Amino acid sequence: MRLTILGCAGSFPGPESACSAYLIEADDFRLLVDFGTGSLSALQRYSSLHGIDAILLTHLHCDHMSDACDYIVVRRYAPEGAYPPIPVYAPAGAPARIAAGYNNEVEDPLDDVYTFYGLQPGSFPIGPFQVVVDRVNHPVETYGVRIEHQGSVLAYSSDTAPCDALLRLAHGADVFLCEASYLDGADNPPDIHLTGGEAGEVATKAGVGRLLLTHLVTAWGSEALTFEAASATYAGPMEIVRPGARYDI
């Protein structure tokens, strides 16, 4: 598997990054996990506009799905003709949410653009990948993800506070892509996001091979403090991801 970071800014785009979007490739198949604000621009740098084969949206906050609205134009109105529907795995409210974001005045089922599959906890194939999703600890219906391919494992936290499901999804993963939105020691709201220290704790308990920190809200936080806090709770290889970074798994 290869992971490419298209966007990694938390909650809203940063000065150097779009919001969450991650391209996972294997066997000439491209799975886009999340499609956050601004990430359609980055997609064009690392794939063709029509080069993705499936989309998985972990939840329906704008910073994880809003460019799925813009992508309707790409597939529906291409000069060479409309492209066939692409599968989208997402929480049950995704069709209405994306349609409203695209055109709030006209009912639009989007069947010509997307074929929707509702997520629920469990395991299922997407192309060459075996995917496991489970509900994590966030105010809206949100799924953490475990992606397996030929014995290699990538786990992705999505947005979550600490929870048992996250530990299960990350268990033994070769790479753990984990959010670290909040600063340790701050008076953070409960049951929304992880701190760097909490991300490191989960990585240690789950026995992951490598920790990749993402979804930092750089305008309100500190990369240095987040990294320091995670280093205090996880002793393995670790880095804060950057747009365009690629990892072989």
Side-chain angles (χ1 to χ4, degrees), residues 1-6 20-36 39 43 47 50-61 64-65 67-68 71-72 75 83-99 109-138 140-160 163-179 202 206-209 212 214 247-249:
M1 281 189 290
R2 169 173 281 187
L3 164 67
T4 302
I5 309 299
L6 302 183
S20 294
Y22 309 98
L23 186 64
I24 296 112
E25 302 171 79
D27 299 342
D28 295 322
F29 189 95
R30 294 176 178 86
L31 170 64
L32 182 62
V33 177
D34 284 340
F35 209 167
S39 60
L43 175 65
S47 172
H50 307 101
I52 55 176
D53 299 292
I55 299 169
L56 191 156
L57 303 177
T58 61
H59 64 294
L60 301 181
H61 280 157
H64 290 256
M65 54 68 64
D67 275 21
Y71 196 55
I72 294 168
R75 299 192 71 88
Y83 280 74
I86 186 172
V88 176
Y89 301 81
R97 181 91 160 98
I98 295 172
L110 306 181
D111 293 347
D112 61 317
V113 179
Y114 296 131
T115 301
F116 289 99
Y117 298 91
L119 288 178
Q120 55 184 333
S123 176
F124 53 93
I126 301 179
F129 305 112
Q130 189 64 28
V131 177
V132 180
V133 299
D134 204 351
R135 289 283 298 269
V136 290
N137 187 7
H138 200 53
V140 300
E141 182 182 356
T142 304
Y143 293 88
V145 184
R146 181 183 179 93
I147 300 173
E148 303 180 10
H149 178 260
Q150 296 183 354
S152 297
V153 178
L154 166 66
Y156 169 45
S157 66
S158 186
D159 286 4
T160 183
C163 62
D164 290 341
L166 186 59
L167 278 171
R168 292 193 297 269
L169 290 166
H171 179 74
D174 298 286
V175 171
F176 181 32
L177 180 64
C178 186
E179 72 122 292
V202 174
V208 306
L212 303 179
T214 190
Y247 305 90
D248 291 325
I249 303 167

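What you are looking at is a predicted structure, and each value in this text was computed from that prediction instead of being measured.
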Quick one: side chain to side chain donor-acceptor pair (under 3.5 Å) pairs with a partner in residues 118-127, sequence neighbours left out? Ser123-Gln130
Establish, from distance only, whether the side-chain atoms of Ser158 and His138 form a donor-acceptor pair under 3.5 Å. no
Residue pair Ala165 / Val136: nearest heavy atoms and the distance that separates them: CB-CG1, 4.4 Å
Testing Arg2, Arg30, His149 for side chain to side chain donor-acceptor pair (under 3.5 Å) with Glu25, which one passes? Arg30
Taking atom CE of Met1 and atom CG of Leu154, what is their separation to the nearest 0.5 Å? 5.5 Å
On a heavy-atom basis, the closest approach of Asp53 and Ile86 is O-CG1, 3.5 Å
If you measure only the distance, is there a donor-acceptor pair under 3.5 Å linking the side chains of Asp159 and His64? yes
For side-chain contact (heavy atoms from CB on, under 4.5 Å), just list the numbers for Phe176 and Leu166, CA-CA rounded to whole Å, side-chain angles, deciding distance to a tenth of an Å, and then say yes or no. CA-CA 10 Å; Phe176 181 32; Leu166 186 59; 4.0 Å; yes
Are Leu169 and Val145 close enough that some pair of their side-chain heavy atoms sits under 4.5 Å apart? no
Minimum heavy-atom distance Ser39-Asp67, with the two atoms named: N-OD2, 3.0 Å
Ignoring hydrogens and geometry, is there a side-chain-to-backbone donor-acceptor pair from Thr58 to Gly144 under 3.5 Å? no
Smallest separation among heavy atoms of Ser47 and Leu23, with atom names: CB-CD2, 4.3 Å
For Val153, does its backbone N or O pair with a side-chain atom of Asp174 as donor and acceptor, under 3.5 Å? yes
Please confirm whether the ring centroid of Phe124 lies under 6.0 Å from the ring centroid of Tyr117. no
Taking the inter-plane angle between the rings of His50 and Tyr83 on a 0 to 90° scale, is it parallel (under 30°), tilted (30 to 60°) or perpendicular (over 60°)? parallel
Between Leu31 and Tyr89, is there a side-chain heavy-atom distance shorter than 4.5 Å? no
Looking at Asp27, I want to see if its CG is surrounded by more than 12 non-hydrogen atoms of other residues, nucleotides or ligands under 6.0 Å. yes
Write down the atom of His59, the atom of Glu141, and the distance for their closest heavy-atom approach. CB-O, 3.2 Å
Do Ile52 and Leu43 come within less than 4.5 Å of each other through their side chains, counting heavy atoms only? yes
Under a 4.5 Å cut-off applied to non-hydrogen side-chain atoms, are Val132 and Asp134 in contact? no
If every non-hydrogen atom of Ile126 is compared with every non-hydrogen atom of Ala54, which pair is closest and at what distance? CG2-CB, 3.8 Å
How long is the span from the OG1 atom in Thr160 to the CZ atom in Arg135, to the nearest 0.5 Å? 10.5 Å
Is the backbone N or O of Ile98 less than 3.5 Å from a side-chain atom of Tyr114, with the two atoms forming a donor-acceptor pair by type? no
Say you draw a straight line from OH of Tyr22 to CG of Leu6; how long is it, rounded to the nearest 0.5 Å? 9.5 Å
Can you tell me which residue among Asp34, Leu212, Ile147 is in a side-chain contact (heavy atoms from CB on, under 4.5 Å) with Tyr156? Asp34
d(Tyr247 OH, Ile24 CD1) to nearest 0.5 Å is 13.0 Å
Has Arg146 got a side-chain atom pairing as donor or acceptor with His171's backbone, closer than 3.5 angstrom? yes
